[in-house]
Amino acid sequence: MRRYSAFAIAREAARYHQGWERAWAAPEPKKHYDVIIVGAGGHGLATAFYLGKNFGITNVAVIEKGWLGGGNTGRNTTIIRSNYLQDPSAAIYEKARSLYETMSQDLNYNVMFSPRGVIMLAQTHHEVRGYQRTAHANALQGVKTEFISPQRVKELVPIIHLDGPRFPVLGGLWQDRGGTARHDAVAWGYARACSDMGMDILQKTEVTGVTSEGGKVTGVETTRGFIGCTKLGMVVAGHCGVLAEKAGFRLPVESVALQALVSEPIKPCMDVVVMANTVHGYMSQSDKGEMVIGGGTDAYNNYTQRGSFHHIEETVRALIETFPMISRLKMLRQWGGIVDVTGDRSPILSKTPIEGIFVNCGWGTGGFKAIPGSGWGFAELVAKGQSPLTDAFGLNRFREGRFIDESVAAGVAH
Amino acid sequence: MLILECPYCGVTADETELAAGGEAHLKRFGPGSSDEEFEGYLFHRQNPKGVHFERWRHANGCGKWFHAARCTASLEVFATYTAQIAEPPAEVIAAIRAKRPDWSPE
């Protein structure tokens with residue numbers, strides 16, 4: 001792999017940019033791999049990357065039905081934060097956030113991590129108490145957050161209207177090292193690094209069946225033929241239930257549509273991420289100047305990658321009360337992604353009833369921020385059979401009643 | 001926007017008038033059942049990409065619960081029917097088979 005650098009740009013500029021090599025290869029599938037990861041989104045590619053980097057397992061294929069990063073990795077609002085309430089959540093999300101800090105250097109790929117800070121607005125007295133509790137919990141967990149006053153919110157976000165009629169801003173939970181990153185670049189950077197380690201990324205290859213013998217996985221049937229494997233990692237987000245059905249088990253997950261939208265680009269007006277969970281809306285300004293807005297999920301099962309218009313209206317109506325200046329903005333695009341939601345709003349990183357099959361799903365409405373931590377922990381789980389980062393997120397927690405309840409604490413837009 | 005017909009009051013209602021109630025026809029397991037059965041009843045869901053039987057409530061209307069058969073991949077609604085039934089009636093199955101010949105009930 002030729003490294004990207006200022007020198008490389010100068011070198012290529014001198015020869016009309018004809019020497020740039022493909023970022024990742026497009027190989028033919030081999031007959032057998034040590035590990036197959038299904039799903040070349042951020043979580044799947046990060047898993048493959050850390051299998052190679054931390055455990056030296058490079059006979060790996062990442063199989064993708066569409067194109068890499070074309071699912072929720074390319075559809076989210078790119079927010080990165082780790083201000084969760086429960087200890088296991090704080091551990092894996094803070095691991096992820098800290099890995100984002102050095103990801104561009106680690107991957108030699110500019111993922112444009114921008115630790116601009118994230119505010120979660122408290123707009124009811126209940127939320128004030130909730131976020132104060134989260135700030136105390138974060139202090140114990142070693143996650144740097146702080147509950148701030150409305151005046152401090154106004155200093156950080158001059159365009160905010162503090163005294164709205166329905167949703168006055170009563171304070172906020174502030175994480176100054178939260179922020180955003182370029183979502184596509186995260187997938188592309190991991191893919192390039194995986195390809196460089198000799199892993200095969202098989203795009204446009206759909207898994208049509210999962211085969212096992214005597215309760216142990218043997219491989220997957222795909223649209224490009226049978227591919228054998230010793231271990232199989234399922235990392236397919238909204239379609240995890242469909243894939244689990246092919247393997248012969250069920251998951252405690254339901255798939256629903258989550259929407260986002262962006263406005264026309266405007267001059268810089270807000271240099272932090274603002275989340276308003278009471279009104280189910282969150283907003284940041286992209287480097288291009290667009291206001292990036294995330295909304296709520298639909299209440300019913302849905303695989304169509306589009307959501308209901310009335311949810312957009314709810315989100316935008318509430319945001320306009322909090323940010324009056326956006327009321328005249330035109331919206332450019334709206335889209336949906338299919339998110340896999342669990343009962344306790346925490347992910348599943350687990351062994352399954354079939355030996356050799358591991359599942360990483362249930363990230364619901366907030367998976368992007370977790371990509372590197374999820375990959376780090378899931379790779380350890382696949383390689384060694386257990387991981388301190390993922391132990392609490394096993395499937396057995398549902399049977400045993402050990403929920404990691406983030407539906408109130410971290411919940412956005414549920 | 002999803003539109004369903006309430007089988008009780010006959011009103012054709014937008015999803016804003018309705019409340020979704022999740023997967024239908026779950027078999028309830030209670031005292032005396034195994035841990036696996038109870039876990040399955042509480043948590044495991046079919047979550048299909050395709051034909052889905054589900055519960056809805058006409059929340060901002062007559063208030064009644066009812067059932068719907070719907071495609072989660074296209075949002076097509078095949079039928080709505082009474083809540084007072086433990087499995088989809090034959091005419092609902094027939095209505096689905098007419099549009100999805102490859103589909104078969106479990």
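What you see below is based on every heavy atom in this structure, not just the backbone, and it leaves out hydrogens, waters and symmetry mates. Just so we're on the same page: letters track the sequence lines, and every chain starts at 1. Here the structure is a predicted model, which means the values were calculated and not measured.
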With a cut-off of 6.0 Å (strictly less than), are more than 12 heavy atoms of other residues, nucleotides or ligands near [atom1] of [X]?
| X | atom1 | answer |
| --- | --- | --- |
| B:Trp103 | CH2 | yes |
| A:Lys246 | NZ | yes |
| A:Lys204 | NZ | no |
| B:Glu76 | CD | yes |

Which heavy atom in A:Ala299 sits nearest to a heavy atom in B:Ala20, and how many Å separate them? O-CB, 3.7 Å

Mind checking which of residues 38-52 of chain B sit less than 4.5 Å from chain A, heavy atom to heavy atom? B:Glu39, B:Phe43, B:His44, B:Arg45, B:Gln46, B:Asn47, B:Pro48, B:Lys49, B:His52

Please output the residues of residues 56-73 of chain B in contact with chain A, using a heavy-atom cutoff of under 4.5 Å, in numerical order. B:Trp56, B:Arg70, B:Thr72, B:Ala73

Against chain B, label A:Glu245 side chain, backbone, both or neither, depending on which of its atoms sit under 4.5 Å from a heavy atom there. side chain

Under 4.5 Å from any heavy atom of chain B - which part of A:His239: side chain

Between the OG atom in A:Ser308 and the CG atom in B:Leu75, the distance rounded to the nearest 0.5 Å is 8.0 Å

I need the residue from A:Ser255, A:Gly238, A:Ala257, A:Gly241 with the largest number of non-hydrogen atom pairs under 4.5 Å to chain B. A:Ser255

